[in-house]
Amino acid sequence: MPELPEVEIVKQSLNKTIKSKKILKVSVKNRDLRFKVEKNFELKLINKKIKNILRKAKYLILEMEENLFLVIHFGMSGTMHLVKKNKRNINTNLSFYHSKTLPLKHNHIIIHFSKFKIIYNDPRRFGFFKIIETKKEFESYLNKYAKEPLDKDFNYEYVKKKISNRKKNIKNILLDQNIISGIGNIYANEILFYSKINPKKLGSELKFIEINRLVKFSKKVIKKAILMGGSSIRDFKNSNGERGSFQKEFKVYDKKDQLCPNLRCKKKIIKVNISNRSTFYCSYCQK
DNA sequence: CCGTTAACCTGAGAGC
DNA sequence: TGCTCTCAGGTTAACG
């Protein structure tokens with residue numbers, strides 16, 4: 001579900017609430033996430049204080065005392081909910097693309113603090129929670145991943161070097177976390193529209209100006225999405241408290257048969273399948 | 001090494 | 001109302 005901007009929003013919310021708080025109790029209702037939640041998960045976290053909350057690409061990291069790192073990935077459908085304690089209500093305070101109501105099913109992991117608890121919900125269970133116990137191991141774990149658009153040295157030279165010998169189409173390149181990290185299906189579509197690049201074009205075919213636009217608009221789109229609280233799709237209709245509003249800015253994503261936002265164009269956005277992912281673009285503006 | 005596809009899961013919505 | 005089918009914000013093992 002969440003791409004870089006959505007995970008960043010979670011990070012920012014958590015920084016306001018659980019930073020420097022102590023974990024009093026952990027309960028795991030279902031260990032069968034994408035990777036099995038380890039046996040000693042609860043024991044390792046209990047009585048630890050949270051030092052900091054970090055993000056890298058689509059990963060959220062809770063940095064604990066004693067060089068303990070809890071790495072969280074939300075998969076396709078993971079969400080985090082903050083619920084005040086000692087209240088019977090089911091209001092959550094941490095609803096990004098979700099309603100303010102805690103879902104009834106699929107609440108797999110609950111982390112208790114003195115005045116509230118955070119609940120991890122994930123219907124499809126593609127997400128995971130992993131504990132890393134040394135700083136060294138933590139750093140090498142994250143260094144595996146490619147640079148993300150917001151990195152200072154994510155620039156023309158970096159992207160050029162990464163893609164110029166690739167026979168892979170640019171849409172799949174943007175989704176490949178080993179080439180560029182943090183971008184998912186929504187933002188890949190949007191970035192390619194702004195960059196005026198046909199998603200089927202191969203990495204090796206991109207010209208100087210196209211790579212430049214790709215770098216520029218990757219940064220712009222991701223930054224703006226963060227400023228707008230991320231994107232809330234699918235369930236945002238029935239939610240009165242969703243935080244994200246970047247879905248209102250979508251130019252092509254989920255816009256099949258709608259007019260191209262470029263007013264001079266007047267053609268319709270088309271939808272095609274690229275490697276089993278829906279891809280939306282204007283075949284006139286994106287060459 | 002590289003690129004593509006299928007598989008992992010549940011639920012919502014469309015069409016009949 | 002209910003059935004079947006397709007699709008969904010991600011990742012990766014397995015294959016050629």
Side-chain angles (χ1 to χ4, degrees), chain A residues 1-10 29-37 55-60 71-80 95-99 103-108 120-130 141 144-146 148 162-191 199-205 221-222 225-226 228-239 242-250 252-257 271-280:
Chain A
M1 166 183 298
E3 307 179 33
L4 189 159
E6 290 75 33
V7 181
E8 175 64 23
I9 296 304
V10 181
K29 307 285 181 191
N30 186 352
R31 312 191 93 84
D32 291 324
L33 301 184
R34 188 165 121 229
F35 307 124
K36 204 113 184 159
V37 176
R55 180 196 57 74
K56 161 113 185 182
K58 301 175 191 173
Y59 293 84
L60 179 77
V71 177
I72 300 169
H73 195 288
F74 293 99
M76 284 282 261
S77 57
T79 49
M80 206 66 102
S95 51
F96 334 103
Y97 12 63
H98 252 265
S99 71
L104 297 172
K105 292 169 73 178
H106 309 297
N107 294 317
H108 306 308
Y120 177 70
N121 181 280
D122 189 353
R124 296 177 73 181
R125 288 184 276 118
F126 290 165
F128 66 84
F129 279 55
K130 176 186 171 64
Y141 183 84
K144 290 189 303 206
Y145 296 96
E148 56 176 62
K162 279 287 203 181
I163 74 173
S164 59
N165 55 349
R166 295 291 191 142
K167 295 270 182 292
K168 202 176 187 177
N169 67 59
I170 189 63
K171 170 80 187 309
N172 279 343
I173 285 176
L174 289 183
L175 293 179
D176 188 333
Q177 304 299 300
N178 296 307
I179 303 175
I180 296 170
S181 69
I183 297 173
N185 202 35
I186 289 179
Y187 297 105
N189 279 290
E190 295 296 302
I191 290 165
K200 291 179 175 172
K201 203 161 185 175
L202 304 185
S204 59
E205 294 172 336
V221 168
I222 297 291
I226 292 171
M228 297 185 71
S231 302
S232 304
I233 63 172
R234 234 168 343 271
D235 46 3
F236 77 88
K237 281 169 250 163
N238 49 8
S239 98
E242 91 275 12
R243 313 260 296 227
S245 59
F246 192 76
Q247 68 280 1
K248 293 170 190 157
E249 296 286 316
F250 289 171
V252 291
Y253 181 79
D254 210 16
K255 301 280 186 191
K256 186 188 171 197
D257 290 336
K271 175 183 180 180
V272 298
N273 241 327
I274 297 181
S275 296
N276 291 322
R277 308 303 302 274
S278 287
T279 305
F280 303 87

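All heavy atoms count here, side chains included; hydrogens, waters and symmetry mates do not. In what follows, chains are A, B, ... by sequence order, proteins preceding strands, each numbered from 1.
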I'd like to check the ring pair (Phe, Tyr, Trp, His ring centres under 6.0 Å) partners of F126(A); sequence neighbours left out, ordered by chain and number.
none
Sequence-aligned protein contact record of nucleotides 5-10 of chain B, with B where the base is within under 4.0 Å of a protein heavy atom and S where only the sugar-phosphate is
-B-BBB
Hey, does the side chain of K167(A) come within less than 4.0 Å of dT4(B)'s phosphate (OP1/OP2), counting only N and O?
no
What residues from residues 183-191 of chain A pass a heavy-atom cutoff of under 4.0 Å to DNA chain C?
G184(A), N185(A), I186(A)
Can you sort out the partners of Q177(A) under side-chain hydrogen bond (donor to acceptor under 3.5 Å, both in side chains), two or more places apart, ordered by chain and number?
none
Test side-chain hydrogen bond (donor to acceptor under 3.5 Å, both in side chains) applied to K144(A) - qualifying residues, sequence neighbours left out
none
Show me the dot-bracket string of DNA chain C, counting Watson-Crick or G-U pairs under 3.5 Å, with | for pairs to another strand and [ ] for crossing ones.
.|||||||.|||||||
Contacts of E205(A) meeting side-chain hydrogen bond (donor to acceptor under 3.5 Å, both in side chains) (sequence neighbours excluded), chain-then-number -> none
Pairs meeting criterion ring pair (Phe, Tyr, Trp, His ring centres under 6.0 Å) with involvement of residues 167-188 of chain A, two or more places apart
Y187(A)-F246(A)
Not counting sequence neighbours, which residues clear ring pair (Phe, Tyr, Trp, His ring centres under 6.0 Å) with Y145(A)? List them please.
Y59(A)
For N169(A), side-chain hydrogen bond (donor to acceptor under 3.5 Å, both in side chains) partners two or more places apart
none
Tell me, which pairs form a salt bridge (charged side-chain N to carboxylate O under 4.0 Å, His left out) where one or both residues lie in residues 168-182 of chain A, sequence neighbours left out?
K168(A)-D176(A)
In whole Å, I'd like the distance from the NZ atom of K144(A) to the C1' atom of dT11(C).
12 Å
Point-to-point distance, once rounded to the nearest 0.5 Å, from OG1 of T279(A) to CG of N185(A):
6.0 Å
By salt bridge (charged side-chain N to carboxylate O under 4.0 Å, His left out), K201(A) pairs with (sequence neighbours left out) E210(A)
